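The structure presented is a predicted model; accordingly, all values stated were derived computationally and were not measured.
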Amino acid sequence: QVYISCTCIPGYSIGPWTGDPNIPANQNFVYIMTRNPQQNTGTPTTVGLGHIGVWSNGVSIFNSEDANSYNNLGYWHQNAYYFEGSSFDNCLGHPQQNGEYHTHVNPKCIYNDLDSTHHSPIIGYAFDGYPVYGAYGYANADGTGGIKRMTSSYQLRTNMVDRDTLPNGTILSSADYG
């Protein structure tokens with residue numbers, strides 16, 4: 001395992017955060033992560049809200065959702081970039097109520113996210129131990145085929161008209177539809 005001690009305060013200038021009254025504060029986090037991550041070959045798990053990893057500069061990685069959800073039921077969460085993006089600073093981060101400075105999206109102040117000629121560096125680690133790379137990688141998993149922009153595995157769901165079924169297959173009551 002590897003131990004990571006960090007504050008969530010990067011070494012570059014941060015702020016201002018338009019419309020965000022929160023102030024960044026030292027978090028004094030210590031994370032323990034495996035050095036030998038293993039692929040989950042069983043049932044997929046949902047990533048919760050809050051931090052899901054740490055950038056190479058000690059700033060928290062949050063998932064892409066914010067805490068607001070349909071009728072505050074804990075599902076159909078809002079996209080943080082869309083609904084909170086106006087409060088992001090130039091590095092695409094902002095502090096939450098406890099002062100934890102974090103990003104929900106590409107931390108563009110950590111690396112040159114426009115360099116399409118080189119494989120992007122490791123810019124952080126997810127809590128499962130897997131590295132997080134920047135936007136560009138090799139065309140093939142074996143390191144061949146030139147450099148290309150990586151694409152997300154995100155997929156649109158086909159039944160989004162009624163929104164009566166969660167991604168895990170749970171069928172909702174009509175009062176819970178979003």
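- Here the options are P24, S60, C8, P95, the test is side chain to side chain contact (heavy atoms under 4.5 Å, CB included), and the partner is H102; only S60 passes.
- Two different hydrophobic clusters hold I122 and I61 under the rule that ILVMFWY side chains link at heavy-atom gaps under 4.5 Å.
- With side-chain heavy atoms closer than 4.5 Å counting as contact, directly or through intermediates, the hydrophobic cluster containing F83 also holds Y82.
- Of all the heavy atoms in G145 and A139, the pair that sits closest is O-CB, 3.1 Å.
- Residues N106 and Y111 are in side-chain contact: their nearest non-hydrogen atoms beyond the backbone lie under 4.5 Å apart.
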Below 3.5 Å, can you tabulate the donor-acceptor pairs from side chains in residues 49-59 to any protein atom, sequence neighbours excluded?
unit_1	atom_1	unit_2	atom_2	d
H51	ND1	E100	OE2	2.7
W55	NE1	T103	OG1	2.6
S56	OG	I123	O	3.4
N57	OD1	V59	N	3.2
N57	ND2	Y12	OH	3.2

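- To the nearest 0.5 Å, atoms CG (D20) and NE2 (H94) are separated by 6.5 Å.
- Between the CG atom in L92 and the CD atom in E84 there is a gap of 12.5 Å [rounded to 0.5 Å].
- F127 CZ to I4 CD1: the interatomic distance, rounded to the nearest 0.5 Å, is 8.0 Å.
- Side chain of W17 to main chain of G93: a donor-acceptor pair is present (N/O by atom type, distance under 3.5 Å, no hydrogens or angles).
- When all heavy atoms of K108 and D113 are compared, the pair lying nearest together is CB-OD2, 3.6 Å.
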- [ ] Show your reasoning for whether side-chain contact (heavy atoms from CB on, under 4.5 Å) applies to E65 and V47.
- [x] CA-CA 10 Å; E65 301 172 335; V47 176; over 6 Å; no

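- Under the 3.5 Å distance criterion, with hydrogens and angles disregarded, a donor-acceptor pair is assigned to the side chains of D115 and T117.
- More than 12 heavy-atom neighbours from other residues, nucleotides or ligands sit within 6.0 angstrom of OH on Y31.
- Residues meeting the disulfide bond (SG atoms under 2.5 Å apart) test with C109, sequence neighbours left out: C91.
- Scanning all heavy atoms of the two residues, the minimum distance from G129 to P37 falls at O-CG, 3.6 Å.
- In this structure, A135 and R149 approach most closely via the heavy-atom pair CB-NH1, 3.0 Å.
- Inspection of the Y136 and N112 side chains reveals no N or O donor paired with an N or O acceptor under 3.5 Å.
- Evaluation of the ring pair (Phe, Tyr, Trp, His ring centres under 6.0 Å) rule for H119 yields Y133, Y138 as partners, not counting sequence neighbours.
- Members clustered with Y3: V30, I32, by chain and number, using a 4.5 Å side-chain heavy-atom cutoff among hydrophobic residues.
- In the hydrophobic clustering of ILVMFWY residues, with side-chain heavy atoms under 4.5 Å counting as a link, F62 and I9 come out apart.
- A chain of hydrophobic side-chain contacts below 4.5 Å, direct or via other Ile, Leu, Val, Met, Phe, Trp or Tyr residues, connects V2 to F29.
- Of the possible polar contacts, none joining the D66 side chain to the A80 backbone as a donor-acceptor pair under 3.5 Å is found.
- Taken to the nearest 0.5 Å, the OG1 atom of T18 stands 9.5 Å off from the CG atom of D89.
- In this structure, CG in N79 is found 10.0 Å from CG in N63, a value given to the nearest 0.5 Å.
- With sequence neighbours left out, the ring pair (Phe, Tyr, Trp, His ring centres under 6.0 Å) criterion links Y101 to no other residue.
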